[in-house]
Amino acid sequence: MSAIVEIRGVEKRFGAIRALGPVNLSLQPGERLGLIGPNGSGKTTLINCLSGLFAANAGTIVFEGRDITQEPAHVRARMGIARSFQIPRPFTGMSVIENLLVPMDYLPIEAGAREGRAMEILSSVGLAGRRDAPAEALSQLELRKLELARALVIEPKVLVADEAMAGLSEGEINDVLALLMRLNERGVAIIMIEHIMHAVMRFSQRVVCLETGRIIAEGLPQAVAQDKHVQKVYFGERAGR
Ligand SMILES: Nc1ncnc2c1ncn2[C@@H]1O[C@H](COP(=O)(O)OP(=O)(O)OP(=O)(O)O)[C@@H](O)[C@H]1O
Ligand SMILES: [Mg+2]
């Protein structure tokens, strides 16, 4: 099968600091990939380069065989690359459903089909009953779900969930895990960026570990978890968490 995403030699610098790269990474259609690494290792930066929020300083990004390196974020989103943000950023002063309807203004969805589409997405994340709640009234779990729902508006082929479980209880983590699994069963390739190790290990078919902007290990979850270098930089540092 040919990759849906190919990241080739991508680098990102902030001034004199190279935060990322060079990184080579591919994602298969429908794959579940875990992206781990200590704080500041470049996980979010890599995803910012993939989604187009950051322009990479070097390298190429290919989506479905097409070079998208020069494409802006909104074009990449329309092509099917979605991401949720580490810190949820709902539109405040709006209801849950309005948070999905507003971005639809920028998408080729017929006006009459929008509410139905928004409700489908809310149902898929378990927020249908909260459609008219103000975004400010949501619990931490509901905010995380709304953040994912917002990413689903574009009907993505690739979804990056950047720490979608941070701050949640064990039960809530399972809830979000199940939600991501259901999305994946519908064919969406998912990159899970996560510090909650048992969740990444359960979810992922393959795990990639970054350290100081470079991939230090890649493979089956158990093999990466047992990798000496990974244990040293990651588990060692975070022991007890
Ligand atoms: N906009 C920015 N300007 C300057 N430096 C940045 C910027 N974004 C990220 N960095 C730096 O790039 C490096 C990688 O950061 P990044 O946020 O990608 O790490 P991360 O792996 O997502 O960490 P965390 O697990 O804490 O979310 C860090 O040294 C960070 O300080
Ligand atoms: Mg991050």
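Counting starts at 1 for both ligands and their atoms, in listed order.
Listed by number with element, the atoms of ligand 1 under 4.0 Å from a non-hydrogen atom of A19 are 12 (O), 13 (C). Close contacts of ligand 1 with H195, meaning ligand atoms under 4.0 Å from a residue heavy atom, involve 25 (O).
Using a 4.5 Å cut-off between side-chain heavy atoms of Ile, Leu, Val, Met, Phe, Trp and Tyr, F91 falls into a hydrophobic cluster with M94, V102. Hydrophobic clustering, defined by side-chain heavy atoms of Ile, Leu, Val, Met, Phe, Trp and Tyr closer than 4.5 Å, groups F85 together with L53. Annotation for I17: hydrophobic cluster partners, listed by chain and number, are none (ILVMFWY side-chain heavy atoms under 4.5 Å, direct or chained).
Under 4.0 Å is where a charged nitrogen must lie from a carboxylate oxygen, and between K145 and E142 no such pair does. Under the 4.0 Å criterion applied to side-chain N and carboxylate O atoms, E194 and R202 are not assigned as salt-bridge partners.
Considering both main-chain and side-chain atoms, F54 never comes within under 3.5 Å of ligand 1 through any nitrogen or oxygen pair.
Nearest to atom 28 (C) of ligand 1 among the protein's heavy atoms is G40 O, 3.8 Å. Protein heavy atom nearest atom 26 (O) of ligand 1, with residue, atom name and distance: N39 ND2, 2.8 Å. The protein atom (non-hydrogen) at minimum distance from atom 15 (O) of ligand 1 is T45 OG1, 3.7 Å. Distance from atom 1 (N) of ligand 1 to its nearest protein heavy atom, with residue and atom name: F14 CE2, 3.7 Å. Looking from atom 17 (O) of ligand 1 to the surrounding protein, the closest heavy atom is T44 CB, 3.9 Å. Closest to atom 27 (O) of ligand 1 among all protein heavy atoms lies Q86 NE2, 2.8 Å.
Distance alone, capped at 3.5 Å, places no donor-acceptor pair between the R83 side chain and the A77 backbone.
E172 places none of its side-chain heavy atoms less than 4.5 Å from the side chain of S139. Using a 4.5 Å cut-off on side-chain heavy atoms (C-beta onward), Q28 and Q205 make no contact.
Around the Mg ion (ligand 2), protein N, O or S atoms at less than 2.8 Å number 2.
Residue contacts with ligand 1 include E163, since one or more of its heavy atoms lies under 4.0 Å from the ligand. Under the 4.0 angstrom criterion for non-hydrogen atoms, G37 is not in contact with ligand 1. Under the 4.0 angstrom criterion for non-hydrogen atoms, P38 is in contact with ligand 1.
Applying the 6.0 Å contact sphere to CD of Q70 captures no more than 12 heavy atoms from other residues, nucleotides or ligands. Few gaps surround CG on L107; more than 12 heavy atoms of other groups in view lie less than 6.0 Å from it.
In this structure, L127 CG and L143 CG are separated by 9.5 Å, a value rounded to the nearest 0.5 Å.
With respect to E155, the salt bridge (Lys or Arg N to Asp or Glu O under 4.0 Å) criterion is satisfied by exactly one of R117, R186, R78: R117.
Proximity of atom 30 (C) of ligand 1 to the protein is not indicated, since no non-hydrogen protein atom lies closer than 4.0 angstrom.
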